[in-house]
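Have a look at the structure below, then the notes.
Computation of the quantities below employed the complete heavy-atom set of this structure, encompassing side-chain atoms and omitting hydrogens, waters and symmetry-equivalent molecules.
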Amino acid sequence: MESVVAAVPFVDVVTTMLDESIPLTTGEFDELGNPKEKAYYDYMKSYSPYDNVIAQAYPATLVTSGRFKRYKEVAMEYAFMLDLAGLGEE
């Protein structure tokens, strides 16, 4: 079975980059471009995971944020993978 553990993924690129109140956002303009400029906006939309979800089968996915304590997060990742492998508690 295919699966993904996405630890603190950057999935909503356009919305995040348009919010200049988020720390470090404007600092990323040099690397990623400023989405207030149409060419950069269109390019970001083309690869932004949030903006490219379509109706199709996706692998089982565990998405975590940066608020979990490290050991709890690792335990959750292992539990997720073991469950998918059929080794979880029945």
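Residue L24 places its CG atom among 12 or fewer non-hydrogen atoms of other residues, nucleotides or ligands, all under 6.0 Å distant. Remark: F29 CZ is packed, more than 12 non-hydrogen atoms of other residues, nucleotides or ligands lying under 6.0 Å away. Residue Y71 places its OH atom among 12 or fewer non-hydrogen atoms of other residues, nucleotides or ligands, all under 6.0 Å distant. Around the CZ atom of F80, the shell of radius 6.0 Å holds more than 12 heavy atoms that belong to other residues, nucleotides or ligands.
Two residues are said to be in side-chain contact when any heavy atoms from C-beta on lie closer than 4.5 Å; V53 and Y58 meet this criterion.
Remark: the backbone N or O of K45 is not paired with any side-chain donor or acceptor of S48 at under 3.5 angstrom. T61 contributes a side-chain N or O that, together with a main-chain N or O of P59, makes up a donor-acceptor pair within less than 3.5 Å.
In plain terms, the two heavy atoms of V14 and Y41 that are nearest each other are CG1-CE1, 3.4 Å. Of all heavy-atom pairs between G33 and M44, the closest is O-CE, 3.1 Å. Closest non-hydrogen pair, T25 versus M17, comes out as CG2-O, 3.4 Å. Of all the heavy atoms in L62 and M76, the pair that sits closest is CD2-O, 4.0 Å.
Between E20 and K36, at least one side-chain N (NZ, or NE/NH1/NH2) sits under 4.0 Å from a carboxylate O, which counts as a salt bridge.
Evaluation of the salt bridge (Lys or Arg N to Asp or Glu O under 4.0 Å) rule for D42 yields K38 as partners, not counting sequence neighbours.
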Donor-acceptor pairs are to be reported for all side-chain atoms of residues 6-13 against protein atoms at under 3.5 Å, with residues two or more places apart or in another chain.
{"unit_1": "D12", "atom_1": "OD1", "unit_2": "T15", "atom_2": "OG1", "d": "3.1"}
{"unit_1": "D12", "atom_1": "OD2", "unit_2": "T15", "atom_2": "OG1", "d": "3.3"}

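A distance of 10.5 Å separates OG1 in T16 from CG in L32, rounded to the nearest 0.5 Å. How far CD of E77 is from OG of S3: 11.0 Å, rounded to the nearest 0.5 Å.
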